[in-house]
Amino acid sequence: MPDVPLHPDDELSLADVVNRVLDRGAVVSGDVVISVAGVDLVYLGLRLVLSSVEGMRARDEQDAGA
Amino acid sequence: MGVHLYCIVPAGCAPPAGLAGVGGAAVATAGVAPPLCWLSQHGTRPDATVGHAAQHHAVVQAALRAGVTPVPLRFGQWFVSAEAAADAVAARADAWNAALRRVHGCVEYGIRIEADVPNVAARDVRGSHAGAGTAYMQELLRVRAQDEVRRGAAEALVAFVAERAGPLVRAAHVAPARGAGALVELAHLVTREDEEEYRKLIRDVASARADVRILVTGPWPPWSFA
């Protein structure tokens with residue numbers, strides 16, 4: 001029987017959380033504006049930007065520790 | 001100074017004592033008449049980091065754990081004050097109350113179906129008289145054919161799941177697949193009473209389709225049905 005985990009690995013869970021929080025859910029009024037690295041952006045497919053920012057931060061930390 | 005919003009909740013639903021939200025800020029209720037909203041105060045608009053997204057989700061999840069199904073709000077909703085937020089919610093009170101009724105007593109389950117779709121063979125144009133432009137167009141055709149194969153497989157799987165899980169699913173949402181190998185992603189709205197039966201049913205679905213990998217996540221707040 002194929003494995004059907006109801007509590008999948010953390011990586012998938014975190015990706016699902018980010019996907020839901022940023023891409024789903026109701027909007028109270030007007031545009032949704034989110035701020036990435038201190039810059040306000042009108043919400044538009046920012047999952048990719050988020051990944052990049054987090055990736056850059058992780059790389060910066062690795063470089064700093066090297 | 002302003003407030004960050006998390007979710008809409010029905011009357012009498014207060015955050016658990018000590019509940020912390022984005023950046024560790026205390027979560028409070030705004031509004032004097034239902035529907036109410038949960039929010040936290042901040043000096044500046046919170047950055048949209050993965051950590052803040054997880055904290056935002058944790059607040060919405062806290063409402064679900066307290067036995068209330070909230071209407072989750074997307075990250076990034078910022079008002080100058082709790083009063084301004086409450087006014088904005090009150091301005092569409094009927095719509096929010098309808099949304100609360102729609103998800104009342106329900107949770108969301110996510111289903112991600114992964115499969116290895118056979119590759120459509122590329123035509124080898126080496127040695128032919130076809131130029132670079134022709135090869136490029138042929139590659140485009142191959143990619144398009146591959147997309148159609150994936151789309152057909154996804155539609156068949158959605159129908160397969162719907163046929164079996166349909167009686168227990170109050171609403172369904174089909175989302176574009178993310179990531180390599182993912183064919184399709186589904187979200188199901190299920191009543192709490194039906195959760196156990198639903199989970200068993202999805203296991204049965206997976207047993208019947210050993211040719212694909214089915215990953216189930218949940219229970220979630222109804223992010224896809226807000």
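Only this structure's heavy atoms are used, side chains among them; waters, hydrogens and symmetry mates stay out.
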- Message: Which residues pass the side chain to side chain contact (heavy atoms under 4.5 Å, CB included) test with B:Ser81, not counting sequence neighbours?
- Response: B:Glu83, B:Ala84
- Message: Suppose we screen for side chain to side chain contact (heavy atoms under 4.5 Å, CB included). Which residues come up paired with B:His42, at least two apart in sequence or across chains?
- Response: B:His4, B:Tyr6, B:Val22, B:Ala25, B:Ser40, B:Pro46, B:Trp78
- Query: What distance do B:His57 atom NE2 and A:Asp16 atom CG have between them, rounded to the nearest 0.5 Å?
  - Reply: 9.5 Å
Side chain, backbone, both or neither: which part of [X] has a non-hydrogen atom closer than 4.5 Å to chain A?
| X | value |
| --- | --- |
| B:Phe225 | neither |
| B:Glu108 | side chain |
| B:Leu73 | both |

If I compare all heavy atoms of [X] with all of [Y], which pair ends up nearest, and what's the gap?
| X | Y | answer |
| --- | --- | --- |
| B:Trp96 | A:Val28 | CZ2-CA, 3.7 Å |
| B:Ala187 | A:Arg24 | CB-NH1, 4.4 Å |
| A:Ala26 | B:Val71 | CB-CG1, 4.0 Å |
| A:Val27 | B:Arg92 | O-NH1, 3.2 Å |
| B:Ala53 | A:Val21 | O-CG2, 3.6 Å |

- Are side-chain heavy atoms of B:Trp223 and A:Asp23 found at a separation under 4.5 Å? no
